Structures are given as C-alpha cells and as structure tokens.
Asker: 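Submitted below is the structure of interest, expressed as structure tokens.
In this text the structure is predicted, and so the values were computed from the model without any measurement.
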Amino acid sequence: DEPGALPLVENALHWLWNQRENGRLSGKLFTEQGGLAGILSRGADHLIAGLEPKERDRALDLLFRLVQVDPEGRRHTRRRIAFAEAEDIAGGGERGRALITRLAGERAREGGRSEGPLRLITVTEEVAGANAAPGDGRWVNLIHETLIRSKGLDAEGKPQPYWPTLWTYIEKHKNRAARWERLQLMAREWKDKSGLGRLFGLAGWSS
C-alpha cells in the first residue's frame, strides 16, 4: 500500500520471471532473496558491478545527488533533479545520457527473454509551468526510498540498510552534501536579500 512501491514490484517480477521454471514463478525463491527489498539490493549491486570503474563512480555520485541526506543518518529521503543536471553528473553528453539510460532500466532482448539491469532511477516529464525542470522539463529521481533506507538498528545501535552499497557511499560523502546544502541556502538568501536576481531578470540579463 506504500506510495511508489510499483517499481519495486516491477523489479521483483522481472527478476523472478528470468528465474522461472516451467513457466512458474517461485514464491520460495522470492522469500529466500529477501522479498522486494532483497531483490532490489542484489539487482542494484549487479548493475553497479557491471559498469566500468569510471562509470561506477559516476553512477554512485548521481544516485548520491538524488538523496536529501539526513546529517544524523536516521532517514534519508529522495530529491529529484533536472535531467540536464543529472546528465552532467553522469559524465555529460552522450556518455551521461547512456549511463542514465542504464540506471533507468534499459532492457535488451535476447533469446526470447528480457535481459538487463533492474531499474534504480526514473525519468519523468512535466509540462512547462512553475515547477517544470530547467531545460526540457525532464526530471530524474530514485525509484523508491528503499534504496536509501535502513531496516532498523542492530544490537550495537548501527543502521542496517536495505542497500549497503549506496548507504556506505552516502556516509562517506555526507559532509559534501552538507556543504552543498549550505551553498544552496546561501545563494537563495543572497538572491532574496539583494534583489539582484529580480533586477537582472527584469533587465533581461542572464548569468
């Protein structure tokens, strides 16, 4: 019943379909893999491991930038970014678009079966308006917050993430996220207090 859970179900069904025997999906296998979250975590690691080293770094950095980092590490949340920004983070140009396509679940058909990575991100479009993304109106987001959630705390009080790979990357770079948030806040405050942004806009200037 949780909002946004459909992509998790899609990923799990896709994986179970590729593991089917005699045209049947296995509930036992589903349970042994840890359900929706377990299949997602294994599929995500498989996707990341299949990338070239530089692509792997860019992929993790893009996923990291799609996270609103909780400084206390208790509950990270998703944050969407404009496609153009995601493209730059992913390597720019055709290289960036190709990596976004991989992370968004590109499927290649082979031998009658659908082969390819599970989906970790979504790309959506919005019509032009107040909340439209800069550029072409496309947004990039994580498919679900399970990718950045913890099941709870262990006996020592440490988080038990559903996907340890991204959680560890977030922990390693969360100071960078804090600096980025401060810079964004300072930029907004400067613009609001100075009024220069509105002045330049009225004058038809661009930065």
Side-chain angles (χ1 to χ4, degrees), residues 1-52 55-70 73-81 83 86 90 97-125 138-154 158-171:
D1 296 327
E2 186 174 336
L6 186 59
L8 298 185
V9 177
E10 177 194 10
N11 280 342
L13 288 175
H14 172 72
W15 186 84
L16 288 169
W17 178 256
N18 285 336
Q19 307 299 320
R20 69 190 184 278
E21 295 184 5
N22 300 318
R24 297 174 66 88
L25 307 186
S26 171
K28 179 181 179 183
L29 185 59
F30 174 78
T31 301
E32 290 175 348
Q33 292 295 313
L36 297 178
I39 291 175
L40 176 63
S41 175
R42 286 171 176 80
D45 277 334
H46 180 73
L47 188 161
I48 296 299
L51 300 174
E52 296 294 327
E55 281 188 312
R56 195 176 306 146
D57 292 339
R58 288 194 294 267
L60 287 171
D61 200 44
L62 174 56
L63 296 172
F64 172 70
R65 294 286 289 274
L66 293 169
V67 179
Q68 186 72 40
V69 177
D70 176 5
R74 295 174 181 173
R75 189 177 179 86
H76 306 308
T77 55
R78 292 184 293 175
R79 60 182 292 265
R80 65 179 188 169
I81 62 176
F83 185 92
R97 290 190 293 274
L99 182 55
I100 290 173
T101 300
R102 287 286 300 276
L103 296 175
E106 179 184 31
R107 306 282 200 253
R109 298 198 63 81
E110 184 175 309
R113 286 193 174 193
S114 176
E115 302 290 345
L118 300 181
R119 190 196 314 188
L120 299 183
I121 64 175
T122 60
V123 179
T124 57
E125 295 187 27
R138 287 183 292 173
W139 294 92
V140 177
N141 204 347
L142 295 174
I143 65 162
H144 198 269
E145 288 189 355
T146 298
L147 288 168
I148 51 176
R149 281 186 184 175
S150 169
K151 307 170 191 176
L153 303 178
D154 63 13
K158 296 180 180 179
Q160 298 297 296
Y162 285 108
W163 188 25
T165 300
L166 183 54
W167 185 279
T168 300
Y169 192 91
I170 292 170
E171 286 297 302

Asker: Taking atom CH2 of Trp15 and atom CD of Gln33, what is their separation to the nearest 0.5 Å?
Answerer: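 So the CH2 of Trp15 and the CD of Gln33 are separated by 3.5 Å.
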Asker: Rounded at 0.5 Å granularity, tell me how far CD in Glu21 sits from OG in Ser26.
Answerer: 7.5 Å
Asker: So, Ser41 side chain and Ala37 main chain: donor-acceptor pair closer than 3.5 Å or not?
Answerer: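 No, because the side chain of Ser41 does not come within donor-acceptor range (under 3.5 Å) of the backbone of Ala37.
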Asker: Please give me the minimum heavy-atom distance between Ala59 and Ile48, naming the atom from each residue.
Answerer: CB-CD1, 4.1 Å
Asker: Should we count CD of Glu52 as having more than 12 external heavy atoms under 6.0 Å?
Answerer: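 For Glu52, atom CD is not crowded (no more than 12 foreign heavy atoms under 6.0 Å).
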Asker: Does Trp163 form a side-chain contact (heavy atoms from CB on, under 4.5 Å) with Leu40? I'd like the steps, not just the answer.
Answerer: CA-CA 8 Å; Trp163 188 25; Leu40 176 63; over 6 Å; no
Asker: Which heavy atom in Val140 sits nearest to a heavy atom in Leu66, and how many Å separate them?
Answerer: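 Looking at all heavy atoms of both residues, the shortest contact is O-CD2, 3.3 Å.
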Asker: Indicate the atoms forming the closest heavy-atom contact of Ile143 with Pro7, along with that distance.
Answerer: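 Minimum heavy-atom separation between Ile143 and Pro7: CB-CB, 4.0 Å.
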Asker: Checking Arg149 side chain against Thr146 main chain: does a donor-acceptor pair fall under 3.5 Å?
Answerer: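 No, Arg149 side chain to Thr146 backbone: no donor-acceptor pair under 3.5 Å.
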Asker: Relative to the ring of Trp167, is the ring of His76 parallel (under 30°), tilted (30 to 60°) or perpendicular (over 60°)?
Answerer: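 Because their plane-to-plane angle lies in the 30° to 60° range, the rings of His76 and Trp167 count as tilted.
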Asker: Using every non-hydrogen atom in the two residues, find where Leu16 and Phe30 come nearest and quote the distance to one decimal.
Answerer: CD1-CD1, 3.8 Å
Asker: Looking only at heavy atoms, what is the nearest atom pair of Arg65 and Arg79, with distance?
Answerer: O-NH1, 2.6 Å
Asker: Any idea which heavy atoms bring Pro161 and Pro164 closest together, and the distance?
Answerer: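 Taking Pro161 first and Pro164 second, the nearest heavy atoms are CG-CA, 3.8 Å.
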Asker: Less than 4.5 Å apart, any side-chain heavy atom of Leu147 and any of Tyr162?
Answerer: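 No, too far: nothing below the 4.5 Å cut-off.
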Asker: Rounded at 0.5 Å granularity, tell me how far CG in Leu153 sits from CD in Gln160.
Answerer: 8.0 Å
Asker: Could you measure the distance from the CZ atom of Phe64 to the CG atom of Asp57? Nearest 0.5 Å is fine.
Answerer: 13.5 Å
Asker: Between Asn11 and Arg119 (side chain of the first, backbone of the second, donor and acceptor by atom type, cut-off under 3.5 Å), is there such a pair?
Answerer: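 The answer is yes, because a donor-acceptor pair under 3.5 Å joins these two groups.
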Asker: Test side-chain contact (heavy atoms from CB on, under 4.5 Å) on Leu60 and Thr165 and set out the steps.
Answerer: CA-CA 9 Å; Leu60 287 171; Thr165 300; 4.2 Å; yes
Asker: Mind checking whether Glu32 and Leu29 have side chains closer than 4.5 Å, heavy atoms only?
Answerer: yes
Asker: Quick one: pull up CG in Leu47 and CZ in Arg56 and give me the separation to the nearest 0.5 Å.
Answerer: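 Leu47 atom CG to Arg56 atom CZ measures 11.0 Å (nearest 0.5 Å).
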Asker: Give the intermediate values and the outcome of side-chain contact (heavy atoms from CB on, under 4.5 Å) for residues Phe83 and Glu125.
Answerer: CA-CA 9 Å; Phe83 185 92; Glu125 295 187 27; over 6 Å; no
Asker: Let me confirm one number: the CZ-CD1 distance from Arg58 to Ile100, rounded to the nearest 0.5 Å.
Answerer: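 Atom-to-atom, Arg58:CZ and Ile100:CD1 are 11.5 Å apart.
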Asker: Just to verify, which of Val67, Thr122, Leu120, Thr77 counts as forming a side-chain contact (heavy atoms from CB on, under 4.5 Å) with Leu142?
Answerer: Val67
Asker: Pair Leu99, Leu62 - check side-chain contact (heavy atoms from CB on, under 4.5 Å), show working.
Answerer: CA-CA 10 Å; Leu99 182 55; Leu62 174 56; 5.6 Å; no
Asker: Please check: side-chain N/O of Arg80 versus main-chain N/O of Asn141, any donor-acceptor pairing under 3.5 Å?
Answerer: no
